[in-house]
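Lettering of chains follows the sequences in order, A, B, ..., and the numbering in each one begins at 1. Side-chain atoms are counted along with the backbone in the values below, which use heavy atoms only and exclude waters and symmetry mates. Worth saying up front: this structure is predicted, and the values here are computed from it rather than measured.
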There are 2 protein chains.
Amino acid sequence: MKSAAKAMQAEDSAETGAQQIRDAIREAIVERRLSPGTKLSESDVGNLFNVSRTLARAALQALSYEGLVSVEKNRGAFVAYPSPEEARQIFSARRLVEPGILREAAARITADDISQLKQLLLEEGRLMSERGQTARRAEIKASGDFHLMLAEISGNAIMQRFMEELVARSSLVIALYGQSTASSCGHSEHGEIISAIESSDLDRACRLMLHHIAHIETDLDLRERKSLGLKEAFEL
Amino acid sequence: MKSAAKAMQAEDSAETGAQQIRDAIREAIVERRLSPGTKLSESDVGNLFNVSRTLARAALQALSYEGLVSVEKNRGAFVAYPSPEEARQIFSARRLVEPGILREAAARITADDISQLKQLLLEEGRLMSERGQTARRAEIKASGDFHLMLAEISGNAIMQRFMEELVARSSLVIALYGQSTASSCGHSEHGEIISAIESSDLDRACRLMLHHIAHIETDLDLRERKSLGLKEAFEL
DNA sequence: GTGCAGAAAATCGTATACAATTCCGCCGGC
DNA sequence: GCCGGCGGAATTGTATACGATTTTCTGCAC
């Protein structure tokens with residue numbers, strides 16, 4: 001309900017209404033307030049934001065292009081439920097592009113950028129030590145923001161958009177298959193990467209980045225979770 | 001009309017009507033039947049395909065997410081007109097991801113894949129020697145398909161989709177800023193890359209790929225083309 | 001002829017209406 | 001009791017309707 005109110009207040013924004021709805025839903029998905037598989041009916045979304053189905057539908061379509069929502073013909077839209085294979089591909093893509101982004105970012109980075117990165121790191125650490133759902137959600141967001149900021153620094157808007165997609169989908173994967181409570185990125189690894197950049201040791205930075213991504217993947221249990229709703233579900 | 005890479009997904013009236021329209025327009029853009037800057041009004045598109053504005057709008061929205069169409073609020077949709085900076089970023093992105101894709105593809109490639117690649121090459125060569133608009137258009141498509149097939153072989157659907165976007169946008173850039181009539185890729189370079197893959201010389205293949213992309217860029221004149229609609233336009 | 005205000009036309013943004021499809025419970029047959 | 005078919009409700013797919021914004025055209029003053 002309060003999200004609906006938020007949508008109303010920003011009514012006279014520059015963007016078309018569908019964009020705001022899309023952003024609101026995306027944020028909810030990335031922060032894991034919406035679980036994978038949840039049905040997002042057009043009417044419900046429309047009612048929630050006090051708009052017609054037209055706009056709700058447009059927002060859902062947009063999210064499906066980002067891979068955060070899957071729409072099935074004549075059946076509706078659902079929060080994406082990435083398969084293990086999809087999960088592997090997402091992280092494979094990250095391993096493929098993030099070192100390159102890191103290199104480009106390092107080539108253009110300014111002192112101001114570095115201090116911003118460090119501030120992000122600090123914030124991340126602060127949230128980690130806090131308790132509570134909201135802190136947890138903010139932490140998830142912050143740890144993704146580190147990777148996104150590197151993409152931003154790289155100065156390539158296309159890669160930046162791609163990284164936004166990958167980070168968002170990673171959040172879904174972690175929500176589904178993550179095991180440890182340490183929800184997302186190893187915080188300290190972010191710091192080490194910054195250090196390596198500062199000392200202009202690019203190779204080391206890239207190695208750390210790859211290690212970091214691998215580390216996140218290690219925390220996943222990517223076994224096919226079939227229906228499982230059988231005897232196995234009850235014999236424990 | 002049987003592009004191998006189009007092995008995308010089934011038919012039987014496939015997806016919702018908007019998708020077909022989107023694909024048709026995308027093809028027209030990539031084959032340069034639609035020039036950058038051309039206005040795509042919702043009504044016109046709808047009439048052209050005998051559907052309502054609703055579907056036309058959905059298709060245009062979809063294309064805007066791919067960067068092939070830019071929609072301006074309350075003004076309409078236009079075939080994208082990438083700025084020189086955008087063009088640089090597109091090719092920068094390709095330099096960043098294509099070597100990685102190539103490596104993954106090489107790791108999974110089969111004999112059958114190689115023969116398909118070679119066949120694509122042959123087709124490309126044949127089209128090159130032909131005259132006429134339609135041959136030219138088919139050639140443009142074929143030269144892009146080489147890169148797309150590598151992405152497909154890599155087995156990563158996410159990277160494949162990203163490459164589809166990059167190749168399509170590259171076509172726009174070449175249409176805008178390309179100088180030589182040799183519309184697109186150096187044909188022979190594709191062959192060399194295949195050879196390097198065949199002999200398992202990955203480093204060489206990557207070097208060739210980077211060189212190949214650089215070669216395409218060399219053919220661009222990325223100077224800001226301001227209005228130019230002034231005296232310069234008439235004094236020649 | 002030039003320039004500008006204002007109306008008319010065209011086009012987009014959003015809502016609503018209707019058709020098509022799927023989902024779900026009910027019922028009779030076996 | 002279980003299975004398969006048959007409405008009715010719910011939901012999506014598409015079209016149309018209407019208000020808002022932009023563009024174009026017209027006419028009058030200068």
Euclidean distance, atom [atom1] of residue [X] to atom [atom2] of [N] [Å, nearest integer]:
| X | N | atom1 | atom2 | value |
| --- | --- | --- | --- | --- |
| A:Glu42 | C:dT22 | CD | P | 15 Å |
| A:Glu72 | D:dT12 | CD | C1' | 12 Å |
| A:Leu40 | D:dT12 | CG | P | 10 Å |
| B:Asp44 | C:dT11 | CG | P | 6 Å |
| A:Lys73 | D:dT14 | NZ | C1' | 11 Å |
| B:Phe78 | D:dT23 | CZ | C1' | 11 Å |
| A:Gln20 | C:dT14 | CD | C1' | 14 Å |
| A:Asn50 | C:dT14 | CG | P | 14 Å |

>> Taking the nucleotide of DNA chain C with the nearest heavy atom to each, does A:Asn74 or B:Asn74 sit closer to the 5' end?
In response: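 Its nucleotide being nearer the 5' end, the pick is B:Asn74.
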>> Side chain of A:Lys39, heavy atoms from C-beta onward: which of D:dT11, C:dT22, C:dG13 has the nearest atom to it?
In response: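 Closest nucleotide to the A:Lys39 side chain: D:dT11.
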> Counting side-chain heavy atoms from C-beta on, which of D:dT12, C:dC23, C:dT16 comes nearest to A:Arg75?
Replying inline: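 Minimum distance to the A:Arg75 side chain belongs to C:dC23.
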> Checking all strands, does A:Ser41 fall into the base, sugar-phosphate, or nothing category for heavy-atom contacts under 4.0 angstrom?
Replying inline: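 Counting heavy atoms under 4.0 Å across all strands, the contact made by A:Ser41 is with sugar-phosphate only.
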Inspect the contact between [Y] and [X] and indicate whether a charged nitrogen and a carboxylate oxygen are less than 4.0 angstrom apart.
| X | Y | result |
| --- | --- | --- |
| B:Arg161 | B:Glu164 | no |
| B:Glu66 | B:Arg169 | no |
| B:Glu85 | B:Arg88 | yes |

> Quick check: are there more than 12 heavy atoms from other residues, nucleotides or ligands sitting under 6.0 Å from CD of A:Gln119?
Replying inline: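 No, CD of A:Gln119 has 12 or fewer neighbouring heavy atoms, counting only those of other groups under 6.0 Å.
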> Taking OP1 and OP2 of D:dG13, is either one under 4.0 Å from a side-chain nitrogen or oxygen of A:Arg57?
Replying inline: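 A:Arg57 to D:dG13 OP1/OP2: side-chain N or O found under 4.0 Å.
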>> Between A:Thr38 and A:Leu34 (side chain of the first, backbone of the second, donor and acceptor by atom type, cut-off under 3.5 Å), is there such a pair?
In response: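 No; zero donor-acceptor contacts below 3.5 Å.
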>> Using a distance-only criterion (donor-acceptor N/O pair, under 3.5 Å, no hydrogens), is the base of C:dG13 paired with the side chain of B:Arg53?
In response: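 Yes.
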> Has the side chain of A:Ser43 got a donor or acceptor atom sitting under 3.5 Å from an opposite partner on the base of D:dT12?
Replying inline: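 Answer is no: no donor-acceptor pair is held.
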